[in-house]
Amino acid sequence: MSSTIAFIGLGHMGGPMAANLVGAGHRVTGYDLVPELLATAAESGVRAAASAKEAVTDADVVVTMLPAGRHVLSLYRDGGLLAAAGPGTLFVDCSTIDVADARAAHEAVTAAGHRALDAPVSGGVVGAEAATLTFMAGGDAADFARAEPLLLAMGKKAVHCGSAGAGQAAKICNNMILGISMVAVSEAFVLGESLGLTHQALYDVASTASGQCWSLTTNCPVPGPVPGSPANRDYAPGFAAPLMAKDLGLAANAARAGGVDAELGIRAARLFAEFAEGEGAGQDFSGIIRAIRQRSTPSTPSTLSTPQNGSTA
Ligand code: NAD
């Protein structure tokens with residue numbers, strides 16, 4: 001069934017997502033503060049609105065893809081979107097935002113007589129372009145069922161994670177695993193270097209042993225073992241370090257607020273924040289290995305001549 005959709009935020013992610021909704025036969029009206037992005041979206045069939053309010057007036061569904069929670073909340077409230085939309089409009093926020101902000105957004109939307117779903121994504125710009133994103137959603141089951149066909153027009157999988165904020169919760173928990181595991185894999189490669197171990201040897205072992213993870217086998221932080229990983233193109237993103245720093249910051253805040261002893265998650269948030277503010281600003285998050293290497297004290301690699309017997313975990 002074709003829907004009338006307002007799409008607010010036509011940046012790196014929102015632009016191609018809106019285009020995929022048009023491609024699936026929906027009527028999409030878009031708005032972004034940047035006129036050039038609006039013009040690019042129009043080339044793929046998105047009708048350009050003069051304001052966010054104008055975009056939502058005749059929409060069944062409003063999709064937002066904005067930088068942070070404050071943008072979503074201020075558009076909903078001060079920007080007048082909730083007042084401008086028809087009764088019972090479904091607001092689907094796909095931005096990655098704080099769990100508390102997501103719950104506040106749900107409250108504001110439902111108090112205004114509308115329906116709400118938080119539905120952040122995993123898969124990056126490549127996934128947005130190819131419509132292979134994974135959506136993780138929070139809200140009522142009926143609202144998820146209503147949104148699911150639209151989510152699947154922009155992605156390959158949509159998981160209903162629970163009530164309001166559960167999608168954001170799943171997103172930041174997943175990315176906390178990812179951030180910690182990238183630091184772990186990077187530290188292991190730098191340790192291996194200091195022990196005279198080749199990258200390929202460590203990769204061949206860990207990728208088929210208990211150290212196996214996405215940070216190693218898909219986004220390997222050293223060039224060579226995984227030809228498609230960003231390390232092979234001088235750490236061009238990929239998943240940019242500032243976005244990882246943002247997601248880990250959200251996870252660390254949630255851990256602190258909930259009294260969770262997430263020592264490694266909070267440490268990883270600090271490491272990526274420092275990296276993203278400095279040389280990592282334009283790099284893939286796997287470039288963190290360079291910062292780890294720089295902070296390490298160089299010494300002569302030891303020679304590993306005799307393979308050691310030992311058990312594996
Ligand atoms: P982006 O900065 O490219 O796009 C955000 C857009 O929102 C911008 O074009 C901006 O002009 C627009 N915007 C801001 N305030 C607005 C307003 N009041 N009205 C209209 N438009 C407004 O960011 P992005 O990379 O597309 O990311 C969007 C969201 O998706 C973020 O929350 C990010 O964390 C999340 N995300 C990004 C990626 C990725 O790889 N880029 C992956 C997963 C999730």
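The residues of the chain are indexed from 1 along the displayed sequence. Counting starts at 1 for both ligands and their atoms, following the listed order.
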Looking only at distances, can you tell me whether any N or O atom of [X], backbone or side chain, sits closer than 3.5 Å to an N or O atom of ligand 1?
X	result
P67	yes
K246	yes
M13	yes
K171	no

How close does the nearest protein non-hydrogen atom get to [atom], and which residue and atom is it?
atom	answer
atom 19 (N) of ligand 1	L33 CG, 3.7 Å
atom 44 (C) of ligand 1	T96 OG1, 3.6 Å
atom 40 (O) of ligand 1	G124 CA, 3.5 Å

Exercise for review: State, to 0.1 Å, how close S286 and P221 come at their nearest heavy-atom pair, and which atoms those are.
Suggested key: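 Taking every non-hydrogen atom into account, O-CB, 3.7 Å.
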Practice item. Would you tell me which option among L66, D32, L75, D93 has the nearest heavy-atom contact to atom 29 (C) of ligand 1? Key: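 Selected option, by shortest heavy-atom distance: L66.
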Review point. Would a 4.5 Å heavy-atom cut-off, applied to side chains only, mark L191 and E187 as touching?
Key: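 A side-chain contact under 4.5 Å is absent here.
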Review point. Do N175 and F239 have side chains that get closer than 4.5 Å, going by heavy atoms?
Key: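 In contact.
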Check your understanding: Could any protein non-hydrogen atom be found less than 4.0 Å from atom 26 (O) of ligand 1?
Key ->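 Given the 4.0 Å limit, the answer for atom 26 (O) of ligand 1 is yes, a protein heavy atom qualifies.
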Review point. Quick check: are there more than 12 heavy atoms from other residues, nucleotides or ligands sitting under 6.0 Å from NZ of K157?
Key: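 At most 12 heavy atoms, drawn from other residues, nucleotides or ligands, come within 6.0 Å of this atom.
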Check your understanding: Among pairs that include at least one residue of residues 94-140, which meet ring-ring contact (aromatic ring centres under 6.0 Å, His included), considering only residues two or more places apart or in two chains?
Key ->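 As it turns out, the ring-ring contact (aromatic ring centres under 6.0 Å, His included) pairs with a partner in residues 94-140, which skip direct neighbours, are F91-H114.
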Review point. Is the closest side-chain donor-acceptor distance between T64 and D93 under 3.5 Å?
Key: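 Yes - a donor-acceptor pair under 3.5 Å links their side chains.
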